Amino acid sequence: MAKVLGIDVGGSGIKGALVDTRKGTLLTERKRYPTEEKDKPAKVLEIIHTFVKDLHWDGMIGIGFPAVVKHGIAFTAANINKKWVGINIAEQVYQKTGLNTYCVNDADAAGLAEMEFGAGRSYKNDIVIILTLGTGIGSAIFVRGELFPNTELGHLKIRGKYAEKRASDAVRQKKDLRWKEWAVLLQEYLNRVEFLFSPDVIIIGGGASKNHERFFPYLDVKARLLPAELLNLAGIIGAARYAELTKKKKEW
Ligand code: BGC
């Protein structure tokens with residue numbers, strides 16, 4: 001069995017568990033620590049270290065992080081502390097824990113998990129877009145099973161505003177929108193995504209996916225529209241799987 005500690009850093013919480021990366025299942029209970037946008041990198045690193053200590057973990061770590069991540073380094077910081085920009089997350093976690101760490105964009109991690117173990121597993125020959133609707137909007141594009149990373153489709157501008165500031169699940173909650181009202185905003189966003197990429201399949205993940213029955217009936221898209229199957233575990237499982245897949249490449 002291949003075991004990896006998967007950690008999903010989000011805009012409002014850090015979730016983690018030990019993952020069986022061959023089966024895509026959790027080996028320990030999912031734990032969550034709340035965080036806020038203003039939390040400094042040191043606090044986030046401390047929480048990651050807490051996971052390691054609590055689980056007595058001495059293996060590999062995979063981290064999903066809500067930013068453009070290249071070679072372990074954060075290049076953006078939309079819903080997290082701006083101090084992250086330029087930091088090598090994987091290296092910092094290694095310094096703190098002494099454990100080999102690999103870092104990937106959080107939506108790319110969730111997408112990877114859905115493609116391997118969830119809703120996308122039968123669509124490896126297609127163009128698949130996974131959109132995570134949560135604090136922000138994350139995206140992952142798979143072209144016949146290959147990830148095109150860091151696509152940031154939550155930052156497409158719609159009516160002069162970032163899509164994630166108009167149509168994320170956080171916006172729905174903050175504005176207390178009814179599902180039908182929120183679906184109108186989402187429809188406009190999905191139209192844009194379809195216009196640009198003509199995907200065969202769109203998978204909706206993130207916090208909103210567990211309620212898909214409440215808003216899917218109001219949406220009309222050309223692609224096959226599917227709810228994510230791994231729900232709030234996709235980010236953890238995908239981060240762990242990413243570490244497993246990347247370890248041989250010696251990349252931070
Ligand atoms: C970030 C993305 C992230 C998404 C979901 C956006 O604000 O720019 O990198 O994937 O939120 O967390």
Side-chain angles (χ1 to χ4, degrees), residues 6-16 24 30 32 35 37 62-69 74 76-80 103-121 123 127-142 147-156 158 162-174 182-183 185-187 189-190 192-194 196-197 199 201-212 214-216 219 221 223-242:
I7 304 228
D8 182 12
V9 178
S12 55
I14 302 180
K15 289 85 70 182
R30 168 189 181 270
R32 179 180 190 274
T35 53
E37 184 172 336
I63 297 189
F65 198 83
V68 169
V69 180
T76 58
N79 295 310
I80 46 168
C103 189
V104 62
N105 170 266
D106 60 345
D108 286 342
L112 194 62
E114 288 295 336
M115 288 305 288
E116 296 220 6
F117 309 111
R121 66 187 178 280
Y123 300 100
I127 310 297
V128 182
I129 298 189
I130 289 104
L131 297 170
T132 61
L133 308 177
T135 310
I137 295 182
S139 61
I141 301 186
F142 287 83
L147 171 67
F148 185 112
N150 292 311
T151 44
E152 294 290 325
L153 300 188
H155 289 242
L156 286 175
I158 307 230
Y162 284 136
E164 69 175 11
K165 299 288 179 213
R166 286 172 54 82
S168 68
D169 197 41
V171 170
R172 179 187 65 79
Q173 290 178 32
K174 208 161 110 198
W182 183 54
L185 300 173
L186 208 51
Q187 180 70 56
Y189 174 58
L190 293 173
R192 175 72 66 80
V193 170
E194 289 218 286
L196 290 170
F197 301 101
V201 181
I202 296 178
I203 298 173
I204 301 291
S209 59
K210 60 177 180 296
N211 290 309
H212 67 273
R214 322 271 300 254
F215 62 95
F216 269 29
L219 299 174
V221 294
R224 185 184 290 262
L225 186 67
L226 300 173
E229 282 178 17
L230 303 170
L231 302 174
N232 60 5
L233 303 182
I236 298 173
I237 295 170
R241 180 73 180 144
Y242 175 80

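Positions are given from 1, in the same order as the sequence printed here. Side-chain atoms are counted along with the backbone in the values below, which use heavy atoms only and exclude waters and symmetry mates. Note that the coordinates shown come from a computational prediction; the quantities given were computed from them, not determined experimentally.
The minimum heavy-atom distance linking G111 with A140 is given by the pair CA-CB, 4.2 Å. Pairing each heavy atom of A167 with each of W182, the nearest pair is O-NE1, 3.0 Å. Contact between A109 and G64 at its shortest, heavy atoms only, is CB-CA, 4.5 Å. Closest heavy-atom contact between F215 and A183: O-CB, 4.3 Å. Nearest heavy-atom pair, V104 versus A239, reported as atom, atom and distance to 0.1 Å: CG1-CA, 4.5 Å. Annotation for I80 and P66: closest pair CG2-CG, 3.7 Å, computed over non-hydrogen atoms.
Rounding to the nearest 0.5 Å places CG of L190 at 6.0 Å from CG of L219. Considering CD1 of I141 and CG of L153, their distance stands at 5.0 Å, rounded to 0.5 Å. If you take CG on D106 and CD1 on I236, they are separated by 12.0 Å, rounding to the nearest 0.5 Å. Of the inter-residue distances, the one linking I130 atom CD1 with I203 atom CD1 reads 4.5 Å to the nearest 0.5 angstrom. K165 NZ to L185 CG: the interatomic distance, rounded to the nearest 0.5 Å, is 14.5 Å. Rounding to the nearest 0.5 angstrom, the gap separating the CZ atom in F197 from the CD1 atom in I127 is 11.0 Å.
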Verdict with supporting geometry, I204 and L186, side chain to side chain contact (heavy atoms under 4.5 Å, CB included): CA-CA 11 Å; I204 301 291; L186 208 51; 5.7 Å; no
Evaluate the side chain to side chain contact (heavy atoms under 4.5 Å, CB included) criterion for residues K15 and N232: first the C-alpha distance (whole Å), next the side-chain angles of each, then the deciding distance (0.1 Å), finally the verdict. CA-CA 9 Å; K15 289 85 70 182; N232 60 5; over 6 Å; no
Take I202 and L225, measure what side chain to side chain contact (heavy atoms under 4.5 Å, CB included) needs, and give me the verdict at the end. CA-CA 5 Å; I202 296 178; L225 186 67; 4.0 Å; yes
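Checked against side-chain contact (heavy atoms from CB on, under 4.5 Å), A170 has the following partners two or more places apart in sequence or in another chain: S168. Partners of R121 according to the salt bridge (Lys or Arg N to Asp or Glu O under 4.0 Å) rule, which considers only residues two or more places apart in sequence or in another chain, are E229. Scanning for side-chain contact (heavy atoms from CB on, under 4.5 Å) contacts around A240 gives V4, V19, T21, with sequence neighbours left out. Partners of F216 under the ring pair (Phe, Tyr, Trp, His ring centres under 6.0 Å) rule, at least two apart in sequence or in another chain, are H212. Under the rule for a side-chain contact (heavy atoms from CB on, under 4.5 Å), the partners of N150 that lie at least two apart in sequence or sit in another chain are V68, K70, N105, D108. Residues passing the ring pair (Phe, Tyr, Trp, His ring centres under 6.0 Å) test with F142, sequence neighbours excluded: none. The side chain to side chain donor-acceptor pair (under 3.5 Å) test applied to D169 returns R172, Q173, not counting sequence neighbours. Take R224 and apply the side-chain contact (heavy atoms from CB on, under 4.5 Å) test, not counting sequence neighbours, and it matches Y123, V201, L226. Scanning for side chain to side chain donor-acceptor pair (under 3.5 Å) contacts around E194 gives an empty result, with sequence neighbours left out. In this view, Y162 and H155 satisfy the ring pair (Phe, Tyr, Trp, His ring centres under 6.0 Å) rule, not counting sequence neighbours.
Among residues at least two apart or in separate chains, salt bridge (charged side-chain N to carboxylate O under 4.0 Å, His left out) pairs with a member in residues 110-119 are E116-R241. Applying the side-chain hydrogen bond (donor to acceptor under 3.5 Å, both in side chains) test to pairs two or more places apart or on separate chains, those with a residue in residues 129-140 are S139-T151.
Using a 4.5 Å cut-off on side-chain heavy atoms (C-beta onward), E164 and N79 make contact. Residues Y242 and L147 fail the side-chain proximity criterion, which asks for heavy atoms closer than 4.5 Å.
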